[in-house]
A.B. asks: 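Take a look at the following structure, please.
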Amino acid sequence: MPFTWLLLAAPAIVLSSPTIHHRIDDGIGKTPALGWNSWNQGGCNAATAQVALNTAKAFVDLGLKDAGYLYVNIDDCWSTHNRNSSGYLVPDGSKFPNGIKAVADEIHRMGLKFGLYGDAGTLTCGGYPGSQGYEEKDASLLSSWGVDYWKYDNCYTPCNSGSQQTCGNPAGNSKTWYVKMRDYILNQDHAILFSLCNWGRDDVWKWGADVGHSWRMSVDNWGGWADVVRIASSAGPIASYAKPGAFNDLDMMIIGNGKLNDAEERTHFGIWAITKSPILMGTDMTRLSSTRLNLIKNKGLLAVNQDSLGKAATTFVPKGKPGPSSGQLYRYWAGPLSDGVVIGLVAPDGAETITVNFSDVPGLGSGTYKWTELFGGNTGSGTSVSAKLGSHDMAAYKVVKS
């Protein structure tokens with residue numbers, strides 16, 4: 001399909017020098033993003049208008065929109081391999097026959113939000129045009145299309161070893177190129193949630209809140225249970241950096257992709273929820289089983305994830321128990337809520353019964369408390385809770401003062 005409309009529209013985009021901002025506290029992204037991303041569903045093959053619109057319709061029809069899932073995000077491979085003569089990105093006409101704006105507009109009419117993917121380097125990870133040297137044009141184009149979410153990857157960025165997809169010897173600190181795009185994004189009329197995807201490099205959690213709304217704190221999550229364990233074990237020590245509008249991103253979900261059993265999917269969802277990670281599904285949303293749909297619509301866990309306090313759960317060590325080990329999934333998690341405390345108990349190695357006294361839990365202490373187990377809905381009260389768990393399974397409790 002010809003792209004004449006893009007060539008005509010591009011000169012109307014107003015470019016101006018960015019105002020210098022010292023942080024991205026722009027009022028959006030106050031709670032972690034809930035939605036979907038195309039990559040874990042089908043890589044480049046899922047980066048199409050039809051997949052995006054099918055997903056948006058599923059959000060509405062399945063009650064996911066009402067549960068808080070709003071973002072429909074297309075990942076890599078949505079553009080052509082070359083910019084147009086004016087230097088602007090061009091949507092692939094075979095994947096987006098009516099362009100990006102038409103898709104964004106239709107998704108907005110459904111009451112949802114639309115996201116796209118870009119890269120801070122010369123190329124995206126898939127070999128499509130990156131934003132290096134074109135940051136101003138790309139930010140302006142996104143705004144003109146009504147894009148609400150911009151995932152910004154770290155491939156083909158400055159490298160002392162020459163141009164590489166994943167550089168092991170970077171020429172500089174990744175904060176430099178993320179700050180540059182931040183300032184152009186903040187200079188746009190349309191608000192865009194800025195998702196940093198630098199794979200946890202340069203201690204991004206220490207500066208991410210000044211630059212983006214969320215930041216990937218690790219390499220990718222797509223291999224299975226081992227990746228869930230690796231990422232979760234790294235999330236505990238950096239939990240304190242999360243706050244409203246600024247969150248550690250544990251990466252896209254792999255629920256529904258045949259990588260995990262039911263227990264592991266519960267733990268995957270539960271840890272992401274209580275650590276205040278964005279929850280971006282990565283499977284065909286039109287084919288979700290009822291079990292998986294009920295899991296990701298769990299009202300209690302979503303309420304924890306979206307709690308206004310914005311503080312992430314981390315590990316804690318009960319009296320007499322060994323502490324966490326690097327790279328291993330720990331049994332005991334807790335975090336403060338605006339109206340209580342959430343506790344996560346995980347069976348990382350095999351079936352076991354795990355008991356914790358509330359007096360050992362940060363934010364609680366001695367006394368009697370009421371609790372609700374969020375996966376099953378059981379309720380009770382007392383001075384402790386005990387969970388009988390299968391291997392790799394999890395229980396999550398919301399605890400409030402009696």
A.B. asks: Can you establish whether the number of heavy atoms outside N169 located under 6.0 Å from its atom CG is more than 12?
C.D. replies: yes
A.B. asks: Side chains of D307 and S338: donor-acceptor distance under 3.5 Å anywhere?
C.D. replies: yes
A.B. asks: Which is it for D189 and S143 under the side-chain hydrogen bond (donor to acceptor under 3.5 Å, both in side chains) test, yes or no, and what are the steps along the way?
C.D. replies: CA-CA 7 Å; D189 292 333; S143 179; 5.8 Å; no
A.B. asks: Any donor and acceptor pair, going by atom type alone, linking the side chain of T48 with main-chain N or O of V51 inside 3.5 Å?
C.D. replies: yes
A.B. asks: Check whether N84 reaches the backbone of G87 with its side chain - one donor and one acceptor, N or O, closer than 3.5 Å.
C.D. replies: yes
A.B. asks: Just grab all the ring pair (Phe, Tyr, Trp, His ring centres under 6.0 Å) pairs involving residues 338-387, residues at least two apart or on different chains.
C.D. replies: F358-Y369, W371-Y397
A.B. asks: To check you understand the geometry: which heavy-atom pair defines the closest contact between N160 and A171, and what is its length?
C.D. replies: OD1-CB, 3.4 Å
A.B. asks: Nearest 0.5 Å, please: how far is NE2 in H213 from OG in S195?
C.D. replies: 10.5 Å
A.B. asks: Using 0.5 Å steps for rounding, measure from the CG atom of L345 to the CD atom of E373.
C.D. replies: 9.0 Å
A.B. asks: One pair to check against side-chain hydrogen bond (donor to acceptor under 3.5 Å, both in side chains): S94 and D92. What are the steps and the verdict?
C.D. replies: CA-CA 6 Å; S94 67; D92 184 331; 2.7 Å; yes
A.B. asks: Just by modelled atom types, is the M253 backbone N or O under 3.5 Å from a matching donor or acceptor in the H268 side chain?
C.D. replies: no
A.B. asks: Side-chain contact test, heavy atoms from C-beta onward, threshold under 4.5 Å: evaluate it for L70 versus L34 and give yes or no.
C.D. replies: no
A.B. asks: Minimum heavy-atom separation for W333 to I274, with atom names?
C.D. replies: CB-CD1, 3.9 Å
A.B. asks: Considering non-hydrogen atoms only, spot the tightest contact between K401 and G367 and give its length.
C.D. replies: NZ-CA, 4.1 Å
A.B. asks: Show your reasoning for whether side-chain hydrogen bond (donor to acceptor under 3.5 Å, both in side chains) applies to D75 and N37.
C.D. replies: CA-CA 6 Å; D75 208 278; N37 176 285; 3.0 Å; yes
A.B. asks: Quick one: are F96 and W78 in side-chain contact, heavy atoms under 4.5 Å?
C.D. replies: yes
A.B. asks: Between D148 and K113 (side chain of the first, backbone of the second, donor and acceptor by atom type, cut-off under 3.5 Å), is there such a pair?
C.D. replies: no
A.B. asks: What's the spacing between D183 CG and Q188 CD if we round to 0.5 Å?
C.D. replies: 11.0 Å
A.B. asks: With distance as the sole test, does H190 use its side chain to make a donor-acceptor pair with the main-chain N or O of G146 at under 3.5 Å?
C.D. replies: yes
A.B. asks: Calculate, to the nearest 0.5 Å, the distance between atoms CH2 and CG belonging to W39 and N45 respectively.
C.D. replies: 9.0 Å
A.B. asks: Can you tell me if K95 has over 12 outside heavy atoms packed within less than 6.0 Å of its NZ?
C.D. replies: yes
A.B. asks: Salt bridge between K388 and E352, side-chain N to carboxylate O under 4.0 Å?
C.D. replies: no
A.B. asks: Using modelled atom types only, decide if a donor and an acceptor are shared between the side chain of S289 and the backbone of R292 within a distance under 3.5 Å.
C.D. replies: yes
A.B. asks: Within the side chain of T124, is there an N or O that forms a donor-acceptor pair under 3.5 Å with the backbone of G126?
C.D. replies: yes
A.B. asks: Could you tell me which non-hydrogen atom of A52 sits nearest to which non-hydrogen atom of I74, and how far apart they are?
C.D. replies: CB-CD1, 3.9 Å
A.B. asks: Please state whether the rings of F194 and Y178 are parallel, tilted or perpendicular, taking 30° and 60° as the class boundaries.
C.D. replies: tilted
A.B. asks: Distance only, no hydrogens: is a donor on one side chain within 3.5 Å (strictly under) of an acceptor on the other, for T80 and N82?
C.D. replies: no
A.B. asks: Within the structure provided, determine whether D202 and K175 are in side-chain contact (heavy-atom separation under 4.5 Å).
C.D. replies: no
A.B. asks: Dump the intermediate steps for side-chain hydrogen bond (donor to acceptor under 3.5 Å, both in side chains) on W150 and D138, then the final yes or no.
C.D. replies: CA-CA 10 Å; W150 183 231; D138 290 354; over 6 Å; no
A.B. asks: So do Y128 and L123 actually touch side chain to side chain, heavy atoms under 4.5 Å?
C.D. replies: no
A.B. asks: Please enumerate all residues that pass side-chain hydrogen bond (donor to acceptor under 3.5 Å, both in side chains) together with N261, with sequence neighbours excluded.
C.D. replies: none
A.B. asks: Might you work through the side chain to side chain contact (heavy atoms under 4.5 Å, CB included) test for S386 and T353, ending with a clear yes or no?
C.D. replies: CA-CA 7 Å; S386 185; T353 298; 3.4 Å; yes
A.B. asks: Examine the side chains of Q41 and W36 and answer whether a donor and an acceptor come within less than 3.5 Å of each other.
C.D. replies: yes
A.B. asks: Hey, could you give me each pair passing salt bridge (charged side-chain N to carboxylate O under 4.0 Å, His left out) that has a residue in residues 250-264? Not counting sequence neighbours.
C.D. replies: R216-D251
A.B. asks: Looking at side-chain heavy atoms only, is the closest gap between V228 and I271 below 4.5 Å?
C.D. replies: no
A.B. asks: Can a salt bridge be assigned to the pair D339 and K398 using a cut-off of 4.0 Å between side-chain N and carboxylate O?
C.D. replies: yes
A.B. asks: When you look at CZ of R287, are more than 12 heavy atoms from neighbouring residues, nucleotides or ligands closer to it than 6.0 Å?
C.D. replies: no
A.B. asks: Using the rule given for side chain to side chain contact (heavy atoms under 4.5 Å, CB included), can you reason through M394 versus L389, listing the C-alpha separation, both sets of side-chain angles and the distance that settles it, and then say yes or no?
C.D. replies: CA-CA 7 Å; M394 178 179 182; L389 298 171; 5.7 Å; no
A.B. asks: Kindly determine whether W145 and F114 satisfy side chain to side chain contact (heavy atoms under 4.5 Å, CB included), including the steps that lead there.
C.D. replies: CA-CA 10 Å; W145 284 341; F114 179 71; over 6 Å; no
A.B. asks: Give the minimum heavy-atom separation between I107 and V72, together with the two atoms involved.
C.D. replies: CD1-CG1, 4.1 Å
A.B. asks: Cation over ring, K276 on F247, under 6.0 Å and within 45°?
C.D. replies: no
A.B. asks: Please step through side chain to side chain contact (heavy atoms under 4.5 Å, CB included) for the pair Y117 and D119, ending with a clear verdict.
C.D. replies: CA-CA 7 Å; Y117 165 101; D119 190 280; 3.9 Å; yes
A.B. asks: Has the side chain of K65 got a donor or acceptor atom that lies under 3.5 Å from a matching backbone atom of M110?
C.D. replies: yes
A.B. asks: Would you give the length of the straight line joining atom NZ of K101 to atom NE2 of H108, rounded to the nearest 0.5 angstrom?
C.D. replies: 9.0 Å
A.B. asks: What's the shortest heavy-atom distance between S402 and K370, and which atoms?
C.D. replies: OG-N, 3.4 Å
A.B. asks: Do the ring centers of Y69 and Y71 come within less than 6.0 Å of each other?
C.D. replies: no
A.B. asks: I'd like to know if the side chain of D203 and the backbone of K206 have a donor-acceptor N/O pair within less than 3.5 Å.
C.D. replies: no
A.B. asks: Report the distance from atom SG of C197 to atom CG of D249, rounding to the nearest 0.5 Å.
C.D. replies: 7.5 Å
A.B. asks: Do D76 and K151 have side-chain heavy atoms sitting under 4.5 Å apart?
C.D. replies: no
A.B. asks: Would a 4.5 Å heavy-atom cut-off, applied to side chains only, mark W207 and V179 as touching?
C.D. replies: no
A.B. asks: Are any non-hydrogen side-chain atoms of L53 and V103 less than 4.5 angstrom apart?
C.D. replies: yes
A.B. asks: Look only at the side chain of S38 and the backbone of A47, and say whether a donor-acceptor pair between them is shorter than 3.5 Å.
C.D. replies: no
